[in-house]
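Because the structure is predicted, anything quoted here is derived from the model rather than measured. Nothing fancy with the numbering, it's 1 onward along the sequence.
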Amino acid sequence: MKTILLILFGALLGIALLPYLLVRQPKMPEGTNLESAPFLFERAELLIDHTRYDEVAGEYLLEHQIFDRILKEVREAETFIIADFFLWNPWKGGIEGGGELRALSGRLADALISKRIQNPNMPILVITDPINRIYGDLAPEFFDRLASYEIPVVFTDLNQLPDSNRIYAPQARFWGKFFGSEEKEESNRLLPNPFDVTGEKLTLGQFGRLLFFKANHRKVLVTGHRRANPRLIIGSLNPADGSANHSNLALYVEGAVASFAGSSELEIAKWSAQDAANIHEGLGLEASKAIRAIEQVLSPMAASTLALEGQSSITYVSEGAIHATILAQLEGAQAGAQIDLGLFYFSDRKVVQALKEAIKRGVELRLLLDANRDAFGREKNGIPNRIVAAELMELINEGTVEVRWAATNGEQFHSKVMRIRGLRQDSLLLGSANWTRRNLANLNLEANVVVRNAASIGARFDSYFETLWTNGDGYFESLPYSDWAESGWSLRWKSWLYRFQEWSGASTF
C-alpha cells in the first residue's frame with residue numbers, strides 16, 4: 001500500500017511539474033527592447049499633471065497638462081496618428097460616484113473621430129492592451145464608434161510576449177490547450193468584474209487570462225506633419241477615467257526620436273494584427289493600410305539628427321533597455337551626485353542593490369514614493385514601496401538617503417522618473433515603466449525616454465519636485481517617512497510576501 005501511495009504521489013508530482021519542463025518562453029518580438037542613438041531635437045517640453053488636494057475645501061486642485069496636449073496634437077496632426085495607451089476605458093473600479101473624474105477615454109475617442117471626419121484619408125492607428133476589453137468581448141462602446149469611422153483598433157497580442165507569472169503561466173499555457181474553449185465562455189459569467197462594478201461579470205476564461213499579469217503598458221502618441229518633424233508624447237498617463245486625478249509626467253518632443261518611437265509602434269501593430277481576433281470589428285484591411293501608409297511618411301533618421309557628447313539629446317529606450325539604462329546611470333553616479341526619484345512602484349532587486357551601492361559611494365538620494373495604499377477605490381497593503389523604502393532607510397547612517405511619501409487622497413502618484421545631477425551627469429528618465437521586474441525584465445511592453453543636458457527641462461522638473469518635497473505651495477503634497485514606515489512583524493511578513501511576489505510575478509506590480 002505504501003509503495004502504491006508513493007507511486008501515486010510521484011505521478012501526481014510529475015504531472016504538476018510537467019508544464020514547467022515543457023512550456024518555453026517566447027522571445028521578445030520585433031520593435032521591443034530597443035535603445036536608440038541620442039538624438040538632437042527641435043523642441044521638447046516637460047508636461048506635468050500636478051495634483052493637489054485642498055483639505056479645507058475638500059476638493060482636488062488639478063494643474064494637468066498631458067491630456068490636453070494629447071488632444072491638441074491629435075487636432076494638429078497632418079499626415080498620421082499612432083496612439084498606443086495601456087488603460088483606455090471609462091471604468092472606475094471600486095471608486096464610488098466619480099463625479100470629480102474627468103471623462104478622458106471618451107474625449108480621446110471623440111478627438112480621433114473628429115480628425116477622421118476632418119481628414120478622411122489620413123491614416124490613424126490605435127494600439128491598446130486587451131485589458132480594455134477585459135481579455136474578452138467587453139470593450140467600451142467608443143471602440144465600436146472608432147471602428148464605424150474605419151479607425152482600426154489593434155489589441156496587442158500578449159501571447160507573443162514572455163510570461164511574468166512564473167507559477168501560473170506555464171500551467172495555464174499547457175493545460176489550456178486541452179481544456180480552453182472560448183466558445184463556451186459566454187454561458188459561464190460567474191466572477192465579479194474588478195474593473196467595472198456595474199458591468200457584466202467575467203467568465204472563467206477572462207479571469208484566467210487576467211492572471212497572466214502581463215500587458216502592453218506603453219503610453220505613446222506619435223503624430224506626423226507635412227513640413228515639420230514628427231511629434232512624440234511619451235509618459236505615464238493613461239487616458240482612463242479612473243486615472244483622471246493621478247499625478248503623471250510626460251515629455252513632448254519634436255524630432256527624430258518620434259520617428260524611432262513610431263517605427264517601434266508599427267512593429268507591435270504588425271505582429272499583433274497577424275491574428276484577426278486582435279483587431280476590433282474585423283478591420284484587418286484598414287489596419288494593414290494604416291500601417292503601410294504611416295511607414296511611407298514616417299521621416300527617415302538622418303545622421304545629422306544624432307547628438308554629440310555633451311549636447312542636449314533625447315534617447316528612446318524600451319523594455320529591458322530601460323533596465324540597462326537605469327543600472328548604467330546608477331553605476332555611473334559618483335560621490336556628491338544628487339538623485340531624485342519619483343516612483344509609483346519600486347521593487348526590482350537589481351535596481352535596489354545598485355541604488356544601495358550608490359548611496360554607499362556618497363550619492364545623495366531623495367526618494368518620493370506612492371504609499372501603495374489606493375487602487376481605484378480599493379485599499380492596498382503598501383507592497384512593494386514601503387518594504388523597499390525600509391530597506392533603503394537602513395543605510396541612513398552610511399550615506400545620505402531620504403524618503404517621503406506622496407500625499408495622495410484616493411488618486412495615485414503615478415510617475416516613474418529619475419533625475420541625476422552630478423559630475424558629467426545631467427539626465428532625466430521618464431515614461432511608462434514602473435521599477436519592477438515585470439516592467440523592466442523584457443516582459444511587459446514599456447516605453448521611456450532619457451533627456452540629457454537639457455537645462456530648461458531639468459530645471460522645470462527640479463522646481464516641480466522641490467515643491468512636492470517641501471510642500472512649497474502650502475498644501476500637503478508629501479509626508480514624512482514615519483507616516484507610512486513599516487516595522488516589526490508587519491515589515492517582516494510583508495518583506496517575505498514582497499520577495500515572493502517580485503520573484504514569481506504573482507502580483508499586480
Side-chain angles (χ1 to χ4, degrees), residues 9-29 32-33 86 129-131 134-135 156-180 191 194 202 204-218 271 318-324 326-327 343-354 372 375 380-388 391 416 432-446 492-509:
F9 175 77
L12 291 175
L13 182 62
I15 292 172
L17 294 177
L18 192 62
Y20 302 108
L21 300 175
L22 297 181
V23 174
R24 292 290 178 263
Q25 287 273 54
K27 295 180 179 180
M28 289 297 287
T32 66
N33 192 25
F86 168 52
D129 188 87
I131 195 173
I134 316 185
Y135 312 101
T156 309
D157 187 355
L158 300 184
N159 288 323
Q160 302 293 324
L161 302 179
D163 296 314
S164 60
N165 193 333
R166 287 177 161 138
I167 296 175
Y168 171 80
Q171 298 284 348
R173 281 188 180 271
F174 184 81
W175 298 112
K177 298 175 183 178
F178 302 99
F179 300 108
L191 301 171
L202 305 190
L204 293 174
Q206 285 175 287
F207 191 76
R209 290 188 284 276
L210 166 65
L211 293 178
F212 277 91
F213 294 135
K214 62 179 179 177
N216 173 0
H217 194 243
R218 294 183 177 190
W271 48 256
S318 70
E319 292 78 46
I322 303 171
H323 195 215
I326 292 171
L327 293 176
L343 298 171
F344 176 54
Y345 280 139
F346 185 13
S347 65
D348 183 86
R349 295 308 307 164
K350 290 184 179 179
V351 178
V352 171
Q353 188 59 38
N372 295 160
K380 302 171 66 178
N381 62 9
I383 297 174
N385 286 1
R386 295 184 213 170
I387 313 309
V388 169
E391 184 177 351
K416 309 95 169 46
S432 70
N434 293 304
W435 286 22
T436 72
R437 169 180 165 267
R438 174 172 296 124
N439 297 107
L440 298 176
N442 273 332
L443 298 167
N444 272 4
L445 295 186
E446 305 287 349
R492 191 172 298 113
W493 77 259
K494 287 182 181 180
S495 296
W496 294 337
L497 181 57
Y498 147 61
R499 291 294 188 108
F500 172 74
Q501 288 181 314
E502 174 71 2
W503 169 82
S504 68
S507 71
T508 56
F509 63 82

Is there a side-chain contact (heavy atoms from CB on, under 4.5 Å) between Ile167 and Phe500 once you walk through the steps? CA-CA 11 Å; Ile167 296 175; Phe500 172 74; 3.4 Å; yes
So how far is it from [X] [atom1] to [Y] [atom2], rounded to the nearest 0.5 Å?
{"X": "Tyr345", "Y": "Asn372", "atom1": "OH", "atom2": "CG", "answer": "5.5 Å"}
{"X": "Leu443", "Y": "Leu161", "atom1": "CG", "atom2": "CG", "answer": "8.5 Å"}
{"X": "Thr436", "Y": "Arg349", "atom1": "OG1", "atom2": "CZ", "answer": "13.0 Å"}
{"X": "His323", "Y": "Asn33", "atom1": "NE2", "atom2": "CG", "answer": "12.0 Å"}
{"X": "Ile387", "Y": "Arg492", "atom1": "CD1", "atom2": "CZ", "answer": "11.5 Å"}
{"X": "Leu445", "Y": "Met28", "atom1": "CG", "atom2": "CE", "answer": "5.5 Å"}

Using only atom types and a distance under 3.5 Å, with no angle test, would you say the side chain of [X] pairs donor to acceptor with the backbone of [Y]?
{"X": "Lys214", "Y": "Leu158", "answer": "yes"}
{"X": "Arg438", "Y": "Asn444", "answer": "no"}
{"X": "Arg437", "Y": "Ser164", "answer": "yes"}
{"X": "Asn442", "Y": "Gly320", "answer": "yes"}
{"X": "Asp129", "Y": "Asn216", "answer": "yes"}
{"X": "Asn385", "Y": "Phe344", "answer": "yes"}
{"X": "Asp163", "Y": "Pro170", "answer": "no"}
{"X": "Tyr20", "Y": "Arg166", "answer": "no"}
{"X": "Asp157", "Y": "Asn159", "answer": "yes"}
{"X": "Glu446", "Y": "Ser318", "answer": "no"}

CA sep, side-chain torsions, deciding dist, call: Ser347, Glu502, side chain to side chain donor-acceptor pair (under 3.5 Å): CA-CA 7 Å; Ser347 65; Glu502 174 71 2; 2.6 Å; yes
Could you go through the side-chain contact (heavy atoms from CB on, under 4.5 Å) check for Leu497 and Asn381 one step at a time? CA-CA 11 Å; Leu497 181 57; Asn381 62 9; 4.2 Å; yes
Arg24 vs Arg173 side-chain heavy atoms within contact, under 4.5 Å: no
Is there side-chain contact between Asn434 and His217, with heavy atoms separated by less than 4.5 Å?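 Of all side-chain heavy-atom pairs linking His217 with Asn434, at least one is under 4.5 Å.
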Nearest heavy-atom pair of [X] and [Y]: which atoms, and what distance?
{"X": "Pro19", "Y": "Gln171", "result": "CG-OE1, 3.4 Å"}
{"X": "Gln206", "Y": "Tyr135", "result": "CG-O, 3.8 Å"}
{"X": "Arg386", "Y": "Lys494", "result": "NH1-NZ, 4.2 Å"}
{"X": "Trp435", "Y": "Ala433", "result": "CD1-O, 3.6 Å"}
{"X": "Phe212", "Y": "Ala172", "result": "CZ-CB, 3.7 Å"}

Counting neighbours of CZ on Phe207 that are heavy atoms of other residues, nucleotides or ligands and sit closer than 6.0 Å, is the number greater than 12?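 No, not enclosed.
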Just wondering, are more than 12 heavy atoms of other shown residues or ligands nearer than 6.0 Å to NZ in Lys350? no
Run the side-chain contact (heavy atoms from CB on, under 4.5 Å) test on Val388 and Tyr498 for me, step by step, so that the C-alpha distance in whole Å, both residues' side-chain angles and the decisive distance to 0.1 Å come before the verdict. CA-CA 9 Å; Val388 169; Tyr498 147 61; 3.6 Å; yes
